Amino acid sequence: MDPTLLAWLRAQLGVTTDEQDLAARYTRLGRARAVAAEVLAERRAALLADPLRMTVDGVVTIDQSQNLVGLERQLAGLAELIAPDDPTAGEASVDLVTAPLIPYGRGR
């Protein structure tokens with residue numbers, strides 16, 4: 001993974017995200033946007049696994065619901081961002097496969 005991709009991923013996910021983890025995910029998934037989406041989805045799942053709001057009367061209230069809203073907004077906005085490894089306009093995507101068409105004669 002090149003430094004431009006790493007910088008973009010860190011801008012999306014925070015500078016404390018493990019570089020080796022990001023590199024392993026990028027090798028497996030092949031796209032920076034897919035890596036960011038997977039990490040954000042895992043963070044969302046971790047928030048949902050625990051109670052979003054907890055109150056100890058008169059002592060403390062912990063509310064994680066806005067963190068969840070922020071993660072969901074970030075996941076939704078990920079589609080609008082341009083990742084460094086996105087194909088440019090007119091450039092073929094890595095996922096695009098072309099094959100030549102061979103005429104097939106109709107015989108009688």
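Positions are given from 1, in the same order as the sequence printed here. These figures come from a predicted structure and were not determined experimentally.
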Item to check | R25: side chain to side chain donor-acceptor pair (under 3.5 Å) partners, not counting sequence neighbours | outcome: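 For R25, the residues satisfying side chain to side chain donor-acceptor pair (under 3.5 Å) (neighbours in sequence not counted) are D21, E38, E42.
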Checklist entry - How would you list, by chain and number, every residue that makes a side chain to side chain donor-acceptor pair (under 3.5 Å) with S65, sequence neighbours excluded? => result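 If we apply the side chain to side chain donor-acceptor pair (under 3.5 Å) test to S65, skipping adjacent residues, the hits are D63.
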Identify every side-chain donor-acceptor pair in residues 4-13 under 3.5 Å, counting partners at least two apart or on other chains, and give the distances.
residue : atom : partner : partner atom : Å
W8      : NE1  : I82     : O            : 3.3

Item to check | Donor-acceptor contact below 3.5 Å, side chain R44 vs main chain E72 | outcome: no
Checklist entry - Tracing side-chain links under 4.5 Å among I, L, V, M, F, W and Y, which residues wind up in one group with V15? => result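 Members other than V15 - counting any ILVMFWY side chain reachable under 4.5 Å - there are none.
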Item to check | Partner residues of T27 under the side-chain contact (heavy atoms from CB on, under 4.5 Å) criterion, sequence neighbours left out | outcome: none
Next on the checklist: According to side-chain contact (heavy atoms from CB on, under 4.5 Å), who are the partners of V59, at least two apart in sequence or on a separate chain?
Outcome noted: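 In terms of side-chain contact (heavy atoms from CB on, under 4.5 Å), with neighbours along the sequence ignored, V59 is linked to V56.
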If you group Ile, Leu, Val, Met, Phe, Trp and Tyr by side-chain heavy-atom gaps below 4.5 Å, do [X] and [Y] land in one group?
{"X": "L29", "Y": "L81", "result": "yes"}
{"X": "L68", "Y": "M54", "result": "no"}
{"X": "I62", "Y": "L47", "result": "no"}

